[in-house]
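Below: one structure, written as structure tokens.
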Amino acid sequence: RPIYDDGATAIADALVAHGSVTDLKLWDNRISDRGAAALARALSYATSLCSLTLYGNRIADAGVIALSDALAANRSLTNLGLSANQFSHLGAAAIGG
């Protein structure tokens with residue numbers, strides 16, 4: 001069953017409280033920009049997170065841009081999987097640098 005934005009927000013809150021997760025797979029969970037923004041806020045606290053997989057969700061440009069902005073504060077994340085989402089060239093440009 002998908003977790004949607006509310007589930008992604010709860011996971012983001014848990015990442016802030018317990019930042020020891022290294023690999024988080026949230027593919028095909030119907031997460032949109034709101035859930036992606038919550039996860040982005042958590043990235044500054046999740047200093048051990050190395051891989052975040054968000055394939056096959058409903059993340060559009062605003063969510064990808066929030067994640068891209070959060071990467072400036074997170075040096076541990078080395079893998080961010082975003083394929084099969086709903087962002088355009090604007091989101092791709094933001095995440096691509």
Side-chain angles (χ1 to χ4, degrees):
R1 298 180 43 167
I3 63 168
Y4 301 94
D5 290 329
D6 289 341
T9 300
I11 289 171
D13 291 344
L15 283 174
V16 170
H18 311 285
S20 61
V21 174
T22 59
D23 185 16
L24 184 57
K25 293 177 173 63
L26 297 173
W27 62 73
D28 292 326
N29 273 293
R30 298 185 187 167
I31 298 167
S32 70
D33 289 342
R34 186 169 62 90
L39 291 166
R41 286 189 296 276
L43 285 180
S44 62
Y45 300 95
T47 56
S48 63
L49 187 64
C50 298
S51 179
L52 176 58
T53 306
L54 295 168
Y55 303 131
N57 283 289
R58 297 176 177 174
I59 302 169
D61 291 330
V64 172
I65 290 168
L67 289 165
S68 175
D69 291 346
L71 291 177
N74 182 301
R75 297 291 178 213
S76 64
L77 195 70
T78 57
N79 180 51
L80 177 60
L82 289 170
S83 67
N85 276 282
Q86 299 176 349
F87 57 91
S88 71
H89 67 284
L90 298 173
I95 205 73

Output for pair (Thr53 OG1, Asp28 CG), nearest 0.5 Å, gives 11.5 Å
Listing, residues 18-25 side-chain donor-acceptor contacts under 3.5 Å, not counting sequence neighbours, or none:
residue	atom	partner	partner atom	Å
Asp23	OD1	Lys25	NZ	3.4
Asp23	OD1	Ser51	OG	3.4
Asp23	OD2	Lys25	NZ	2.4

Is Asp13 reaching over with its side chain to a backbone N or O of Ile11, donor-acceptor style, under 3.5 angstrom? no
Salt bridge or not for Arg34 and Asp6, using N-O below 4.0 Å? yes
CD1-CG distance between Ile65 and Asp33, expressed to the nearest 0.5 angstrom: 9.0 Å
What's the separation between atom CG in Leu80 and atom SG in Cys50, rounded to the nearest 0.5 Å? 13.0 Å
Answer yes or no: is there a donor N or O on one side and an acceptor on the other, between the side chain of Ser76 and the main chain of Thr47, under 3.5 Å? yes
Inter-residue atom distance Ile59.CD1 - Leu39.CG, 0.5 Å rounding: 7.5 Å
Residue pairs fulfilling side-chain hydrogen bond (donor to acceptor under 3.5 Å, both in side chains) with at least one residue in residues 80-91, sequence neighbours excluded: Asp61-Ser88
Just verifying a value: how many Å separate Ile3 CD1 and Leu26 CG, rounded to the nearest 0.5 Å? 5.0 Å
Gap between atom CG of Asp5 and atom CG of Asn57 - 0.5 Å precision: 9.0 Å
Which heavy atom of Gly91 sits nearest a heavy atom of Val64, and at what distance? O-CG1, 3.2 Å
